[in-house]
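Note that these values count all heavy atoms, side chains included, but never hydrogens, waters or copies made by symmetry. What you are looking at is a predicted structure, and each value in this text was computed from that prediction instead of being measured.
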Amino acid sequence: MKSVARVVALVLCATTMARASDQTRVLTKVDPLPVALSHDFEFRKTKLFLLGRGANLQATNATKTKKKLSGQGGNRATAAAAEASINFESRYRLHGAVTSLDQSERAGNYFDFFWRAKRPADITVRLEYRQEQLRAATQAREISYPNVHGHQKTEFAIIGDDYLDDGRVIAWRCLLIENGHIVAENRSYLWR
């Protein structure tokens, strides 16, 4: 009976450690790292989404996108599909937010990075970013993945008070870090 309890305790401990490794860490100081780009690691796709401070803003964004697409030679079906995808993303991010306070806490920038490791490695994914109100101050968040291999997805969210106090993200870069060296990088146009 004691051996079963030990096995259960070990399994629970391992599960807790696995969840802890997927938690985002906010860095207090962003140190520059040496660059050693590798073909073994690459970013495949990046999905960015800005959820405004109110439902009216989302409807306005969808309407602007629809007008923009139909005004550029696009047809109504393309514009309707774009509007549907924007509305879906808003509903997805707001799922479960019942009150207006809940909804305002979910307003902000969402980043989804799809990347690949061609060989097993201990990888840290770091998002470095600058916000409107903080100007040139660089902030960073990290998630570590021990012994990762294959296709992965990493999500970051700058929401709630971070977004409401400091504004939207105006420039960003995402790094894959192995042994303290940058092995892959993806950046916004405004990043310097």
Side-chain angles (χ1 to χ4, degrees), residues 10-11 13-51 61 65 68-69 72 74 78 81-82 84-86 88-90 92-93 106 108-132 134-160 162-163 166-192:
L10 287 174
V11 169
C13 182
T15 305
T16 305
M17 290 185 343
R19 287 186 194 146
S21 67
D22 288 340
Q23 297 299 320
T24 303
R25 289 186 309 275
V26 177
L27 302 180
T28 56
K29 184 179 177 190
V30 182
D31 294 322
L33 297 172
V35 178
L37 298 179
S38 171
H39 292 291
D40 291 338
F41 306 96
E42 66 182 353
F43 283 97
R44 296 176 33 250
K45 182 172 126 178
T46 300
K47 185 174 88 172
L48 310 173
F49 185 72
L50 174 63
L51 182 63
N61 286 343
T65 302
K68 184 177 176 183
L69 286 173
Q72 295 177 348
T78 305
S85 66
I86 290 171
F88 170 78
E89 189 72 25
S90 298
Y92 170 71
R93 299 296 180 182
R106 297 205 186 163
N109 292 92
Y110 292 87
F111 300 87
D112 295 340
F113 296 100
F114 299 85
W115 52 279
R116 177 172 57 177
K118 294 180 183 176
R119 62 177 169 79
D122 295 335
I123 297 293
T124 299
V125 181
R126 178 188 289 181
L127 175 67
E128 296 178 355
Y129 60 96
R130 296 186 184 111
Q131 290 179 271
E132 280 179 318
L134 300 179
R135 308 267 182 228
T138 301
Q139 300 179 75
R141 296 173 185 224
E142 289 185 342
I143 298 176
S144 296
Y145 297 90
N147 198 27
V148 69
H149 181 252
H151 296 272
Q152 306 295 324
K153 177 185 176 186
T154 302
E155 298 179 3
F156 291 99
I158 314 301
I159 58 174
D162 291 338
Y163 172 73
D166 300 330
R168 65 185 175 89
V169 174
I170 55 174
W172 58 267
R173 79 172 177 166
C174 189
L175 309 171
L176 298 182
I177 303 167
E178 179 188 31
N179 298 326
H181 292 77
I182 298 170
V183 293
E185 178 181 28
N186 187 9
R187 63 175 59 199
S188 68
Y189 176 75
L190 294 175
W191 187 265
R192 293 183 202 145

Under 4.5 Å between any side-chain heavy atoms of [X] and [Y], yes or no?
| X | Y | result |
| --- | --- | --- |
| Phe156 | Thr24 | yes |
| Ile177 | Leu33 | yes |
| Leu134 | Tyr129 | no |
| Glu142 | Val26 | no |
| Trp115 | Val148 | yes |
| Tyr163 | Leu51 | no |
| Cys174 | Phe111 | no |

Does [X] have any salt bridge (charged side-chain N to carboxylate O under 4.0 Å, His left out) partners at least two apart in sequence or in another chain, and if so, which?
| X | result |
| --- | --- |
| Arg173 | Glu128, Glu185 |
| Asp166 | none |
| Glu155 | Lys153 |

Strictly distance-based, threshold 3.5 Å: is any side-chain N or O of [X] a donor or acceptor partner for the main-chain N or O of [Y]?
| X | Y | value |
| --- | --- | --- |
| Arg44 | His151 | no |
| Gln131 | Gly167 | yes |
| Ser144 | Thr124 | no |

[X] to [Y] - nearest heavy-atom pair and separation:
| X | Y | answer |
| --- | --- | --- |
| Gly108 | Ile159 | CA-CG2, 4.0 Å |
| Thr46 | Trp172 | CG2-CH2, 4.0 Å |
| Ala121 | Glu178 | CB-OE2, 3.3 Å |
| Gln139 | Val30 | C-CG2, 4.0 Å |
| Arg126 | Leu27 | NE-CD1, 3.6 Å |

Item to complete: Using side chain to side chain contact (heavy atoms under 4.5 Å, CB included) as the criterion, list what pairs up with Glu89, not counting sequence neighbours.
Response: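 Side chain to side chain contact (heavy atoms under 4.5 Å, CB included) list for Glu89, sorted by chain: Lys47, Phe49, Tyr92, Arg93.
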Worksheet entry | side chain to side chain contact (heavy atoms under 4.5 Å, CB included) partners of His181, counting only residues at least two apart |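 Per chain and number, His181 pairs via side chain to side chain contact (heavy atoms under 4.5 Å, CB included) with Pro34, Ala36.
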Item to complete: Hey, could you give me each pair passing side-chain hydrogen bond (donor to acceptor under 3.5 Å, both in side chains) that has a residue in residues 29-41? Not counting sequence neighbours.
Response: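 Output for this query lists Asp40-Arg119.
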Worksheet entry | From CD1 (Ile123) to CZ (Phe41), nearest 0.5 Å |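 With rounding to 0.5 Å, CD1 (Ile123) is 4.0 Å from CZ (Phe41).
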Discussion item. Just verifying a value: how many Å separate Leu37 CG and Ile182 CD1, rounded to the nearest 0.5 Å?
Written reply: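 That separation rounds to 8.0 Å.
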Worksheet item: Should Trp191 and Arg130 be marked as a side chain to side chain contact (heavy atoms under 4.5 Å, CB included) after you check the CA-CA gap, both sets of side-chain angles, and the distance that decides it?
Response: CA-CA 9 Å; Trp191 187 265; Arg130 296 186 184 111; 3.7 Å; yes
Worksheet item: Do Tyr145 and Thr154 have side-chain atoms, one donor and one acceptor, less than 3.5 Å apart?
Response: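 A pair is found: one side chain offers a donor N or O, the other an acceptor, under 3.5 Å apart.
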